[in-house]
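These notes are about the structure you will find just below.
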Number of protein chains: 2
Amino acid sequence: MRRMTARPANAHQARLLKLLRDGGPNSRAQLGDQIDLSRSKLAVEVDRLLETGLVVADGLAASRGGRRSHNVRLNPGLRFLGVDIGATSVDVAVTNAELEILGHLNQPMDVREGPVAVFEQVLSMAAKLRVSGLAEGFDGAGIGVPGPVRFPEGVPVAPPIMPGWDGFPVREALSQELGCPVMVDNDVNLMAMGEQHAGVARSVGDFLCVKIGTGIGCGIVAGGDVHRGVTGSAGDIGHIQAVPDGRPCACGNRGCLEAHFSGAALARDAVEAAQQGLTVELASRLEANGTLTAVDVAAAAAAGDATALDLIREGGNRVGQVIAGLVSFFNPGLVVIGGGVTGLGHNLLAAIRTQVYRQSLPLATGNLPIVLGELGPTAGVIGAARLISDHLFSPA
Amino acid sequence: MRRMTARPANAHQARLLKLLRDGGPNSRAQLGDQIDLSRSKLAVEVDRLLETGLVVADGLAASRGGRRSHNVRLNPGLRFLGVDIGATSVDVAVTNAELEILGHLNQPMDVREGPVAVFEQVLSMAAKLRVSGLAEGFDGAGIGVPGPVRFPEGVPVAPPIMPGWDGFPVREALSQELGCPVMVDNDVNLMAMGEQHAGVARSVGDFLCVKIGTGIGCGIVAGGDVHRGVTGSAGDIGHIQAVPDGRPCACGNRGCLEAHFSGAALARDAVEAAQQGLTVELASRLEANGTLTAVDVAAAAAAGDATALDLIREGGNRVGQVIAGLVSFFNPGLVVIGGGVTGLGHNLLAAIRTQVYRQSLPLATGNLPIVLGELGPTAGVIGAARLISDHLFSPA
DNA sequence: CAACTTTCTCCACTCACAGGACAAAGGAGA
DNA sequence: TCTCCTTTGTCCTGTGAGTGGAGAAAGTTG
């Protein structure tokens, strides 16, 4: 199949494409109710979209008491690739133009191996999805990396946990390999966009999305748009001081949030506790696997292990304290907690909520839901697909 | 003089009005260079603006090598009122449509006396400016209050330091009294808008404006627009925890930033130090005036008093620590420090800078100026005038 | 005084868009 | 089955937005 190259010619067409993406197949009449255009003008624009091939006819809809309408929908052959590169694993998914996931792969990987090795793996995963019949090529790809990105160019800048990527032209390189347009963003921002598109943050204009994985980051959505900051490092809350004169952090300071709570810190603390003989539960798991992760801590807590519970609570308190400050500052309408450690579930959430509701002003917390993300590991790839579709569904 | 009631009829006219406001009198030709419109269309819109009276002819400009151009400018008779209500004083100013201050009054006042008493004072100050020949009436007014505001309605909500104002219809009441459109906002947001319009933040799209007066607040500008949060309480950083288990705060928590550093906290600490005999300088001032303010501390520090210097440094460290967190989170392109305590000047700034540059990530601080506000006490009233002019210079 | 520049106005043409008339297609009751 | 009503989609015309060029008006420079 030949790939689509067309782009919307004007703002109306862009609007229509996004309505069809977010609302599925629809008739001209119903589209007219959602857009400020006359029936005649709308028909013209729809016809033009049909000519480009971005949109196709989709049969007759059921009658609503009169003549049946001719539905249109986004070309069902369109394929987006969503890539979410984490610190220790990579997710690759294929979606259709409505951003529904058609296939999804996840593989462990070390981002420190550098862009060349990682891209090799990403491309082979993409190829696997392609030969499985889900796609014959891609119309666009979005990719998230665990560090700051100079957004317009799609280039990582000074990423602490992936030094080899500094300045690597991710967008350009991937675009050449895949032969389609590519957009690059921070993985946390993509998670926020994912939850905004299809998760708990639907229809919320101002929210924070805190991702607790190997590290900690925060996606900021203000007025419906992601706030990236002047150098693309906005949301980098892992190195906010959480404990005065606290633990030394890899960044050179002391007491950083990340040094006290994150997937990595939690695992380290769990091993320590097990070795000190504080917890049989964790000790036996340590003996069995040779190492511990957040998953072990979650399981131990679920089994009633007091030490594991304490670790989670203490961590939640730290994160909650920082989030409380951010809530006072930003006054969001929603806080989403996501990332690898969401397996810690309700215990973590409870600790965070306690801190935020206690420390922030009532006006800011009065009607502030603090919830777990809904999409889990798919948030990132959905956000990636959303990123590229937002780009392609805008006038050229 | 009859007041203007016209508003721009479309986005082009709005754009032109703002160009004339920010750039002063100008010719059609030069306006055409700054706006994406053909000469002919532009001429039509300018003519329509001339008809409304918002814009007037302003004679011939000097030749630029050819025919001399007919300048136009905003009607020089337009008058905006800018009101900045602080915790302990009120500023009222009159500006022209180009937001130049024509007259400015400042009076002490206690905001806790409630809206009725305060408005009486504001109106009498406005009347004083009016009879002095600066204005015969106002075309619009902007007003800042020291607390959260439900922006669309112009109503303060749950303001901690001015409980009597909760729910008072400031916008409606003042609009009735003055007989002109009124917009209401948080005083810190207006300070940010002031510095953005005419101060250090010109041409910066993302910045923070920290106002340290009786309390502490932070104006947030993202993508050129003020971020107010979902309940209008964004930027309320005075109650972020700065010291774990620190001093008790009026809000009920402990260790809030405001409890450790602000105009009020600094004065209290200075009195304490004087009474403990730690500083001759401050003690003699205390004896002379019966009380101490931030101004006394600044003077003592300037005179070389070590205790005063310590107070300033310690306070700057506290604020700096909080700002460091906000910088990591928001990644601004500029941080402006303003408010009553800017008299503390370079000592304060040095302490803040030290903390931010040490604690935030290099990528976020690499090219981040941290400077004092340029406009001093006029920032608020200029911001207020800017607020109402932005409103009136938008299509109705 | 001639040649060149810049500014401003006028006019013709194109395109975007609204809104109404009308045809096509269906439903529901008599 | 027929009639009336509803909904959908198309066609056509009128209006206003906007461009671009021609040319007049007003300067400067040599």
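Each chain gets a letter, A, B and so on, in the order the sequences are listed, and its residues count up from 1.
Salt bridge annotation for A:Asp185-A:Arg386: absent, with no cationic side-chain nitrogen under 4.0 angstrom from a carboxylate oxygen. Salt bridge status for B:Arg202 with B:Glu374: present, with a side-chain N to carboxylate O gap under 4.0 Å. Comment: B:Asp36 does not engage B:Lys41 in a salt bridge, judged by the lack of any side-chain N to carboxylate O separation of less than 4.0 angstrom. Ion pairing between B:Glu51 and B:Arg48 fails under the 4.0 Å rule for side-chain N and carboxylate O.
Side-chain proximity of B:Ser63 to the nucleotides D:dG9, D:dG27, C:dG27 is greatest for D:dG27. Across C:dG26, D:dT7, C:dT6, the shortest atom-to-atom separation from the side chain of A:Arg64 is found for D:dT7.
Residues B:Phe393 and B:Gln13 fail the side-chain proximity criterion, which asks for heavy atoms closer than 4.5 Å. Counting only heavy atoms from C-beta outward, the side chains of B:Leu20 and B:Leu31 approach each other to under 4.5 Å. In this structure, B:Val155 and B:Arg171 have side chains that are not in contact, with every pair of non-hydrogen atoms separated by 4.5 Å or more. Contact annotation: the side chain of A:Thr95 approaches that of A:Ile101 to within less than 4.5 Å [non-hydrogen atoms, C-beta and beyond]. Put simply, the side chain of B:Ile220 reaches to within 4.5 Å of the side chain of B:Leu208, judged on heavy atoms. At a threshold of 4.5 Å between non-hydrogen side-chain atoms, the residues B:Arg130 and B:Phe138 count as touching.
Contacts between residues 10-22 of chain B and DNA chain C, counted as heavy-atom distances below 4.0 Å, involve no residue at all. Listed by residue number, the members of residues 36-50 of chain A with any heavy atom below 4.0 angstrom from DNA chain D are A:Arg39, A:Ser40.
When the nearest nucleotides of DNA chain C are assigned to B:Ala29 and B:Gly66 by heavy-atom distance, the more 5′-ward of the two goes with B:Gly66.
At distances below 3.5 Å, not a single donor-acceptor pair connects side-chain atoms of A:Gln30 with backbone N or O atoms of A:Asn26.
Applying the 3.5 Å distance criterion, the base of C:dT7 shares a donor-acceptor pair with the side chain of B:Arg67.
Rounded to 10 degrees, the angle between the two end axes of the helix from C:dC1-D:dG30 to C:dA30-D:dT1 is 0°, with five pairs used at each end.
B:His70 places its NE2 atom 6 Å from the P atom of C:dC8, with the value rounded to the nearest Å. Protein atom CG of A:Asp58 is 13 Å distant from nucleotide atom P of D:dG9, rounded to whole Å.
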